[in-house]
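Note sheet for the following structure.
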Amino acid sequence: MKALRKIYNGFTLMEKILVTALFMFITLAVVFDVLRRKLFGISLPWIEELSRYALVYCTMICASMGISIDGHTRMDAVTDLLHGKVAKIVRILSNLIPAVGCFYLCYWAYIHVIKMMMVGTMTTGLKIPLWTCYLIMPLGMAGMAIRSLVLVIQDICKFNVPDAPKASEMDEIPTIQAEQEG
């Protein structure tokens, strides 16, 4: 389990570094292109196109990272009303359903990339195969699916561990100090 955690954390660190580098590239490239256009009246169309594809890569990588920090929208109102094993089962399902959906989308995105490879379409400004730009879709969906499955596995491992009291229940729990005063 420790080896898997190290791999997972290493993968997360790699994603953070990649997103940071891509975002810095996008920022510098766009500023450079704007300055070049304003000062010299010349724009490089491939910079805008490359920045657009880099932004799509950043978006898909960040969507994958968002799952590990519980950053995606979810109906927590249902799980907040439930307690015990029922709440844990609902939480497992709320992570399992997106995992299955992301694997499904990963499959179809992969099929689309294969079709793009067979057609051989090139980007307009960069003159690189268009499938390389679309490759992030199956990779990002696979990343989201795997991260969702990791959450499912974590929830299953914690299934028999008693829950910590929720913040709303903290007021109802008498403390030792309050009992001594009374």
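As the structure is a prediction and not an experimental result, all values here were calculated from the model.
Follow the hydrophobic side-chain contacts under 4.5 Å out from V119 and you never reach M117; the two are in separate clusters. Following chains of ILVMFWY side-chain contacts shorter than 4.5 Å, one can reach I111 starting from L139, so the two form part of one hydrophobic cluster. Hydrophobic clustering, with ILVMFWY side chains joined whenever heavy atoms are under 4.5 angstrom apart, groups W108 together with M118. Criterion: ILVMFWY side-chain heavy atoms under 4.5 Å apart, direct or through other members. Under it, I156 and I89 are part of a common hydrophobic cluster. Hydrophobic cluster membership is shared by I128 and Y53, with clusters built from Ile, Leu, Val, Met, Phe, Trp and Tyr side chains linked at under 4.5 angstrom.
Within 6.0 Å of the CZ atom in F23, the count of heavy atoms belonging to other residues, nucleotides or ligands does not exceed 12.
Distance check, rounded to the nearest 0.5 Å: CG of L135 to NE2 of H112 gives 11.5 Å. We find the CD-CD1 distance between E15 and I61 to be 6.5 Å, quoted to the nearest 0.5 Å. The line from OG1 of T59 to CG of L22 is 10.0 Å long, rounded to the nearest 0.5 Å. Atom CG of L35 and atom CZ of F40 lie 9.0 Å apart (nearest 0.5 Å). Note: I114 CD1 to Y134 OH = 15.0 Å, rounded to the nearest 0.5 Å.
D33 and L44 get closest at one heavy-atom pair: OD1-N, 3.1 Å. Contact record, K158 with K88: O-NZ, 3.3 Å, taken as the closest heavy-atom pair. The two residues I136 and C133 come nearest to each other via the heavy atoms CG2-O, 3.7 Å. What you find for L50 and F25 is that their closest heavy atoms are CD2-CZ, 3.3 Å. Residues S64 and M144 share a closest heavy-atom pair of CA-CG, 3.5 Å.
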Worked verdict on S51 versus I47 for side chain to side chain contact (heavy atoms under 4.5 Å, CB included): CA-CA 6 Å; S51 298; I47 288 181; 4.1 Å; yes
Between Q154 and L151, does a side chain to side chain contact (heavy atoms under 4.5 Å, CB included) hold up when you go through it step by step? CA-CA 5 Å; Q154 286 176 344; L151 291 177; 3.5 Å; yes
Quick one: do M137 and M60 satisfy side chain to side chain contact (heavy atoms under 4.5 Å, CB included)? Show the steps, please. CA-CA 7 Å; M137 294 303 173; M60 292 304 293; 3.9 Å; yes
Let me see the working for C62 and V19 under side chain to side chain contact (heavy atoms under 4.5 Å, CB included), right down to the final yes or no. CA-CA 7 Å; C62 287; V19 166; 3.6 Å; yes
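Side-chain contact between M141 and F103 is absent, with no heavy atoms from C-beta onward closer than 4.5 Å. No side-chain heavy atom of Y57 sits under 4.5 Å from any side-chain heavy atom of I26. Looking at P138 and V113, their side chains come closer than 4.5 Å, going by heavy atoms from C-beta outward. Side-chain contact between F11 and I146: absent, with no pair of heavy atoms (C-beta onward) separated by less than 4.5 Å. Between T123 and E49, some side-chain heavy-atom pair lies under the 4.5 Å cut-off.
Both cation-pi conditions hold for R147 and Y8: the charged atom is under 6.0 angstrom from the six-membered ring centre and inside a 45 degree cone around its axis.
Remark: of the listed residues L93, N95, V150, N95 is the sole one forming a side chain to side chain contact (heavy atoms under 4.5 Å, CB included) with D155.
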